[in-house]
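A quick write-up on the structure given underneath.
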Amino acid sequence: MPAQQSDSVKYTNMFKAYGAFWRRGFTEWHGTASRSEYWWNVLMNMLVWIFFWVFIGMWMGMAMGYGFDESPIVAIVGSFGSVVASLYGTACWIPRLSLRVRRLHDAGLSAGWMILYGLKFVALIAGAFSVMMGGTSYMMRGLASWGVFLFVFWFIAEIVLFVLTLLPTAKGVNPYHKFNK
C-alpha cells in the first residue's frame with residue numbers, strides 16, 4: 001500500500017502563514033498544520049512581542065529615567081502600549097491553541113497531548129501562588145516546595161510540547177489529513 005501524501009499547506013512566506021493563523025485560528029481545530037505554518041507563526045508572534053517590549057520599554061524608560069517624569073503623554077502612551085500588548089496576547093490565545101492542536105494532528109498525534117498544556121497552565125498558576133504564599137512555618141515551606149515541584153512540571157511539559165511540535169509530518173496513514181480543505 002503506497003504511503004498517503006500529506007495535504008498540509010507548506011508556507012514559504014511568514015506573512016501568508018500569519019494570515020492563515022488569524023483566518024483558521026478561531027474556527028479550524030480538526031485539520032493539520034505543517035511545520036512551516038507553525039514555526040512561521042511562532043517567529044512572527046515573537047517579532048510582535050519584541051516590538052511591544054521595545055516600545056513599552058522605551059516609553060517606560062523615558063518616563064522613569066530620562067527626565068520626562070512630568071510628562072503625562074509618556075505615561076499615557078506607555079500605558080496604551082501595555083493595554084494593546086495585553087489585548088494582542090489575549091486575542092492570540094485561541095488561535096495559538098488551535099494551531100498547536102493542528103500541528104499535533106499533522107505529526108499524527110492526538111489532540112489529547114494538549115492536556116499537558118492545561119496541566120502546565122494549572123501548574124504555573126498553582127506554583128506561582130504557592131511560592132508567593134511561602135513563609136517560615138512548616139506548612140508554608142511545604143507549600144513553597146510543592147510550588148517548586150509544579151514549576152518543574154511546567155518546564156518539563158513545555159519541553160515535551162516543544163519536541164512534539166518539532167516532529168515531521170506523518171506520511172503514513174494519518175486520520176487527521178482527511179479534514180484538510
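Starting from 1, each residue takes its place in the sequence as its number. Keep in mind that what you see is a predicted model, and the values were worked out from it rather than measured.
- Here the SG-CE distance, from C92 to M44, works out to 10.0 Å after rounding to the nearest 0.5 Å.
- Ring geometry for F21 versus Y18: interplanar angle under 30°, hence parallel rather than tilted (30 to 60°).
- L97 contributes atom CG, which lies 5.0 Å from atom CE of M114 (distance to the nearest 0.5 angstrom).
- The six-membered or imidazole ring of Y88 lies near that of W49, with a centre-to-centre distance under 6.0 Å.
- How far CD1 of I115 is from CG of L161: 11.0 Å, rounded to the nearest 0.5 Å.
- Across every non-hydrogen atom of E28 and R102, the tightest pair is O-NE, 3.1 Å.
- With R35 contributing its side chain and T169 its backbone, the two residues share no donor-acceptor pair below 3.5 Å.
- In this structure, CG in L47 is found 12.0 Å from CZ in F52, a value given to the nearest 0.5 Å.
- For CH2 of W29, the number of neighbouring non-hydrogen atoms (other residues, nucleotides, ligands) closer than 6.0 Å is greater than 12.
- Put simply, OG on S36 and NZ on K16 are 11.5 Å apart, with the number rounded to the nearest 0.5 Å.
- Taken to the nearest 0.5 Å, the OH atom of Y38 stands 4.5 Å off from the OG1 atom of T165.
- Between the side chains of S34 and D106, no donor-acceptor pair of N or O atoms lies under 3.5 Å.
- Using a 4.0 Å cut-off between charged side-chain N and carboxylate O, R103 and E37 make no salt bridge.
- Put simply, the side chain of V83 reaches to within 4.5 Å of the side chain of L87, judged on heavy atoms.
- Within the 4.5 Å cutoff, no side-chain heavy atoms of N13 are placed close to those of W40.
- Closest non-hydrogen pair, A91 versus W22, comes out as O-CZ3, 3.6 Å.
- Side-chain contact between F26 and S98: absent, with no pair of heavy atoms (C-beta onward) separated by less than 4.5 Å.
- What you find for A107 and L164 is that their closest heavy atoms are CB-O, 4.3 Å.
- Contact detail for A111 and V101: the closest heavy-atom pair is CB-CG1, 3.7 Å.
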